[in-house]
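Report on one structure; see the data block that follows.
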Amino acid sequence: MDEARAREILAGAELPVAEARLLALGENAVFAVGDLVVKVGRDAELFARAERELALAAWLESAGVPAVRAAEEKPRLVDGHPVTLWHRLPDAVRATEPRDLAPLLRAVHALPEPAGFALPRRELLGGVERWLRLAGDAIDPADAAFLRERRDSFAPAAASLTPHLAPGPIHGDALPRNVHVGPEGPVLVDLETFSSDLREHDLVVLALSRDRYGLDPAAYEAFTEAYGWDVREWEGCAVLRGARETASCAWVAQHAPSNPKALAEFERRVASLRDGDPEVRWYPF
């Protein structure tokens, strides 16, 4: 799904396409439309996740966790694509820093399981097959096979880990880009990966950012100090990191058919995994 197709879906949802401004294009196309943010899912497979995301917003609001609030309780289905509407947040007062994640994660990690619906397990590797399928012939079949082999080796290893923290609700993609710092403080803005699993999943994200994406070590230390623990001290960290690296490569692959920069980044990432080099820098595209 490209921007043009996403705009067709907006029109089908009877939303004002002319004033829609694209904010992001990934598994969802995200638009600012007046005082709303509208998310258009890539395909119908994401409809159930969109339903859960809206339920999560209501649950977090009831628990007092700062997070984006839904403008409609149920997703719309337009031409096979889920469409969800959200209240637009006030303008940011400053850029988000890694330390801004800490109080939000501590609040989420203190929550019990929701009573009104069930959270899934964090299927970190669950999207690999779909992303590789979407990549099709744009990527080398040998690279796709390599990632499938990694997925099949890391999945049982991750399932057998002994956690340091008590398992329960997690964000699932705890990065600064998923936090908005408004006039009242940090707010979670992306809920679609919420799940119930090892809390360490949320902490490995920034550890990998430090090692692969150029996050300033001082900023990482500020985050761990604010949270109260560094996941790198845990013996299972390498397993979750390896699983996340595998998923991250496959996620990039889905963009390869229409984006040469994504293909180049995919090939860079796969090569670093084949070489067993944990320090090769990875980049957005």
Side-chain angles (χ1 to χ4, degrees), residues 3 19-40 53-54 56-71 84-111 169-194 199-232 244 248 251-252 261 265 281-285:
E3 181 179 352
E19 65 180 83
R21 178 169 57 89
L22 184 68
L23 301 177
L25 184 62
E27 285 209 323
N28 298 285
V30 184
F31 293 92
V33 184
D35 60 355
L36 297 175
V37 169
V38 181
K39 297 175 66 174
V40 179
E53 190 177 3
L54 293 173
L56 275 162
W59 174 61
L60 292 173
E61 184 174 10
S62 68
V65 177
V68 67
R69 306 306 184 201
T84 55
L85 277 62
W86 304 83
H87 292 295
R88 193 171 175 183
L89 294 168
D91 290 342
V93 297
R94 61 172 174 81
T96 303
E97 300 176 17
R99 62 183 174 86
D100 296 317
L101 276 167
L104 295 172
L105 292 184
R106 288 182 65 87
V108 169
H109 292 176
L111 292 175
I170 61 173
H171 180 273
D173 193 27
L175 286 165
R177 70 181 182 215
N178 292 327
V179 174
H180 178 92
V181 183
E184 297 183 3
V187 175
L188 286 173
V189 297
D190 192 344
L191 312 180
E192 63 190 25
T193 54
F194 252 83
R199 260 62 190 254
E200 287 83 356
H201 275 291
D202 276 345
L203 306 178
V204 165
V205 177
L206 275 187
L208 183 58
S209 294
R210 178 189 184 279
D211 297 338
R212 283 289 195 198
Y213 297 100
L215 176 64
D216 184 350
Y220 178 76
E221 290 174 9
F223 164 79
T224 58
E225 182 177 351
Y227 183 85
W229 183 58
D230 187 343
V231 71
R232 295 180 302 165
R244 187 169 184 88
S248 295
W251 182 86
V252 173
K261 291 182 179 180
E265 180 59 21
R281 177 76 181 272
W282 290 2
Y283 297 91
F285 56 90

Going from CG on L208 to CG on L203, what distance comes out if it is rounded to the nearest 0.5 angstrom?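 Interatomic distance, L208 CG to L203 CG, rounded to 0.5 Å: 13.0 Å.
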
In terms of relative ring orientation, are Y220 and F223 parallel, tilted or perpendicular, with 30° and 60° separating the classes?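 Ring orientation, 0 to 90° scale: tilted.
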
Classify the ring geometry of H171 against F194: parallel below 30°, tilted from 30° to 60°, perpendicular beyond 60°.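 H171 vs F194 ring planes: perpendicular.
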
Flag the pair [X] / [Y] as yes when at least one side-chain heavy-atom distance between them is below 4.5 Å, and no otherwise.
{"X": "L188", "Y": "V108", "answer": "yes"}
{"X": "K261", "Y": "Y283", "answer": "no"}
{"X": "S62", "Y": "W59", "answer": "yes"}
{"X": "W86", "Y": "L54", "answer": "yes"}
{"X": "R69", "Y": "L60", "answer": "yes"}
{"X": "L104", "Y": "P66", "answer": "yes"}
{"X": "D190", "Y": "E53", "answer": "yes"}
{"X": "V33", "Y": "L85", "answer": "no"}

Test: R94 and D100 ion pair at under 4.0 Å: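 Salt bridge present between R94 and D100.
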
Do the charged groups of R244 and D173 touch, with an N to O distance under 4.0 Å?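 Counted as a salt bridge, because a side-chain N and a carboxylate O are separated by less than 4.0 Å.
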
Restricting to non-hydrogen atoms, name the atom on [X] and the atom on [Y] that form the minimum distance, rounded to 0.1 Å.
{"X": "V65", "Y": "A107", "result": "CG2-CB, 4.3 Å"}
{"X": "A226", "Y": "R99", "result": "CB-O, 4.5 Å"}
{"X": "L206", "Y": "A174", "result": "CG-O, 4.1 Å"}
{"X": "A207", "Y": "R232", "result": "CB-CG, 4.1 Å"}
{"X": "R177", "Y": "V189", "result": "O-CG2, 4.1 Å"}

In sequence, state the C-alpha distance, the side-chain angles, and the governing distance for V68 and H87, and then conclude on side chain to side chain contact (heavy atoms under 4.5 Å, CB included). CA-CA 7 Å; V68 67; H87 292 295; 5.9 Å; no

State whether the number of non-hydrogen atoms from other residues, nucleotides or ligands found under 6.0 Å of E3 atom CD is greater than 12.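 Yes, CD of E3 has more than 12 neighbouring heavy atoms, counting only those of other groups under 6.0 Å.
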
Hey, is CD on E19 packed in by over 12 heavy atoms from elsewhere, all under 6.0 Å?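 Yes.
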
